[in-house]
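Accompanying notes for the structure given below.
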Amino acid sequence: MPPKSFETRARELASAFAAKDYERCSRLLPPLKVTLSQLNILVPLLSSDLELLAVARDILEIGALTAIFLRDDLLFSRYIAQLSPFYAMKDKIQPPSSNEKKLIALRLLLLLSKNDIAEFHTELETLEDEADKDIYIRYPVMLERWLMEGSYDKVWKATTQRSEVPAEEFAIFADILVDTIRSEIATCSEKAYPSLPLMNAKHLLFFTEDADLLEFIDQRGWSVKDGRIYFPQESTDPLESGLPMENIIENTLGYARELETIV
């Protein structure tokens with residue numbers, strides 16, 4: 001039997017999470033996990049008390065969600081690793097988790113935002129037909145498909161318009177994904193062009209504020225003169241790689257129509 005103090009702290013954790021007091025959650029979680037370990041339910045076994053396993057799973061899920069709101073993706077990944085054996089026993093642990101699919105989808109979105117496509121597909125293969133049925137899992141799968149197509153405008157809309165995001169937690173990792181997209185577009189632009197008009201680059205990189213664009217330009221080490229961005233050039237010959245300039249853009253970005261209007 002768990003000590004009374006454990007039950008009290010578990011209720012405090014649930015209350016703090018409901019109140020969105022994530023800093024308090026982060027302080028309550030470590031001692032709760034110590035108790036779970038002492039009770040031998042931090043790692044689920046068939047011989048474990050199934051009712052206690054449900055409590056342990058719920059605590060770890062709050063930990064994972066708290067990590068997201070604290071923008072600690074490494075801690076989030078650790079909690080997901082700890083939750084995996086609980087989800088493997090989901091047919092035995094009752095009541096079922098109301099957060100499992102959301103957390104799995106968030107894990108997929110994090111992998112996508114880190115551009116870890118291989119691991120993304122490895123995890124997706126374990127979900128069978130969930131990608132089409134579940135609203136949460138469908139979201140990162142849809143984004144990955146658009147990224148592979150080069151439909152960055154669709155990804156931008158789905159990640160920046162809150163009505164398109166299935167839950168508030170997804171918006172946090174979606175912001176990371178937007179940064180990844182910008183970096184890829186910027187890298188391709190550097191390779192394809194010696195310069196671009198400033199306002200076209202603003203549209204291409206999905207910036208709405210001039211100040212944000214200028215900060216990005218400074219971070220990339222680009223220069224601005226007479227309304228144009230100039231990229232550092234290792235070679236002035238766009239055909240050096242053996243590919244025409246248009247093919248570089250098409251293959252890397254899938255964004256050819258927008259880029260053609262620039263030049």
Side-chain angles (χ1 to χ4, degrees), residues 5-39 41-44 53-87 97-117 119-120 123 134-137 139-141 143-144 155-156 158-183 206 212 215-216 219:
S5 58
F6 171 77
E7 297 176 6
T8 300
R9 287 198 300 267
R11 287 194 296 269
E12 289 177 359
L13 176 66
S15 177
F17 185 75
K20 298 186 177 182
D21 189 348
Y22 305 118
E23 292 293 342
R24 178 165 172 74
C25 288
S26 68
R27 294 192 297 271
L28 289 168
L29 281 161
L32 280 168
K33 291 178 67 177
V34 169
T35 304
L36 292 178
S37 180
Q38 292 170 343
L39 293 170
I41 54 174
L42 189 58
V43 177
L53 286 182
V55 174
R57 179 203 61 203
D58 293 347
I59 289 172
L60 293 175
E61 287 183 336
I62 288 177
L65 293 168
T66 295
I68 292 175
F69 286 112
L70 293 178
R71 298 178 182 272
D72 190 334
D73 52 4
L74 180 58
L75 182 60
F76 169 76
S77 296
R78 289 173 181 167
Y79 272 109
I80 291 298
Q82 290 177 314
L83 281 164
S84 293
F86 286 86
Y87 293 154
S97 167
S98 60
N99 288 309
E100 178 184 354
K101 294 299 191 299
K102 178 191 288 188
L103 287 167
I104 291 174
L106 284 164
R107 167 66 174 159
L108 289 172
L109 184 56
L110 176 61
L111 291 171
L112 198 58
S113 71
K114 299 297 185 182
N115 205 26
D116 192 345
I117 303 302
E119 184 65 21
F120 177 93
E123 295 211 8
D134 185 80
I135 183 175
Y136 295 124
I137 294 176
Y139 182 72
V141 170
L143 293 179
E144 191 269 344
V155 177
W156 171 260
T159 54
T160 59
Q161 295 187 11
R162 294 303 183 249
S163 61
E164 302 286 334
V165 181
E168 61 177 324
E169 298 93 339
F170 287 79
I172 296 172
F173 285 160
D175 289 341
I176 301 174
L177 181 58
V178 168
D179 290 339
T180 301
I181 292 171
R182 281 198 179 110
S183 179
F206 300 109
D212 294 334
E215 182 179 355
F216 185 82
Q219 291 172 350

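In this chain, residues are counted from 1 in sequence order.
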**Complete:** Distance col, row I172:CD1 vs D72:CG, nearest 0.5 angstrom, shows 11.5 Å
**Item:** S77 side chain to D73 backbone, donor-acceptor under 3.5 Å
**Value:** yes
**Prompt:** Using 30° and 60° as the class limits, which term best fits the ring planes of F170 and Y136: parallel, tilted or perpendicular?
**Reply:** parallel
**Asked** Is there a side chain to side chain contact (heavy atoms under 4.5 Å, CB included) between L106 and I68 once you walk through the steps?
**Response** CA-CA 9 Å; L106 284 164; I68 292 175; 3.3 Å; yes
**Prompt:** Closest approach of C25 and T66, non-hydrogen atoms and distance?
**Reply:** CB-OG1, 3.6 Å
**Request:** Enter the distance from S37:OG to L32:CG here, rounded to the nearest 0.5 Å.
**Result:** 12.5 Å
**Complete:** In this structure, NZ of K102 is separated from CD1 of I135 (nearest 0.5 Å) by 10.5 Å
**Item:** N/O donor-acceptor pair under 3.5 Å between S15 side chain and R11 backbone
**Value:** no
**Message:** Less than 4.5 Å apart, side chain to side chain, heavy atoms only: is that true for L70 and E23?
**Reply:** yes
**Residue pair A14 / I62: nearest heavy atoms and the distance that separates them** = CA-CD1, 4.1 Å
**Message:** Return the CG to CG distance between L177 and L110, rounded to the nearest 0.5 Å.
**Reply:** 10.5 Å
**Request:** Might you point out which heavy atoms bring P140 and A105 nearest each other, and give the distance in Å?
**Result:** CG-O, 3.6 Å
**Request:** Using the side chain to side chain contact (heavy atoms under 4.5 Å, CB included) rule, take K101 and Y87 through it: C-alpha gap first, then chi angles, then the decisive distance, then the call.
**Result:** CA-CA 10 Å; K101 294 299 191 299; Y87 293 154; over 6 Å; no
**Request:** Supply the atom-to-atom distance F173 CZ to L112 CG, rounded to the nearest 0.5 angstrom.
**Result:** 12.0 Å
**Item:** Between CD1 on residue I41 and CG on residue L60, distance to nearest 0.5 Å
**Value:** 9.0 Å
**Asked** Are any side-chain N or O atoms of R9 and backbone N or O atoms of L28, one a donor and one an acceptor, separated by less than 3.5 Å?
**Response** no
**Prompt:** Do NZ/NE/NH1/NH2 and the carboxylate oxygens of E12 and R24 come within less than 4.0 Å?
**Reply:** yes
**Asked** Angle class for the F17/Y22 ring planes (parallel below 30°, perpendicular above 60°, tilted otherwise)?
**Response** perpendicular
**Item:** Heavy-atom closest contact (I117 atom, E144 atom, distance)
**Value:** CG2-OE2, 4.1 Å
**Request:** Run the numbers on K33 and Q82 for side chain to side chain contact (heavy atoms under 4.5 Å, CB included), then give the verdict.
**Result:** CA-CA 11 Å; K33 291 178 67 177; Q82 290 177 314; 3.1 Å; yes
**Heavy-atom side-chain contact between E100 and F86 under 4.5 Å** = no
**Heavy-atom side-chain contact between E164 and T159 under 4.5 Å** = no
**Prompt:** Can you check side chain to side chain contact (heavy atoms under 4.5 Å, CB included) on F6 and L36, steps first, answer last?
**Reply:** CA-CA 9 Å; F6 171 77; L36 292 178; 3.7 Å; yes
**Request:** Write down the atom of E123, the atom of L108, and the distance for their closest heavy-atom approach.
**Result:** CB-CD2, 4.0 Å
**Request:** Return the minimal non-hydrogen interatomic distance between L103 and A64, and the atom names on each side.
**Result:** CD2-CB, 3.8 Å
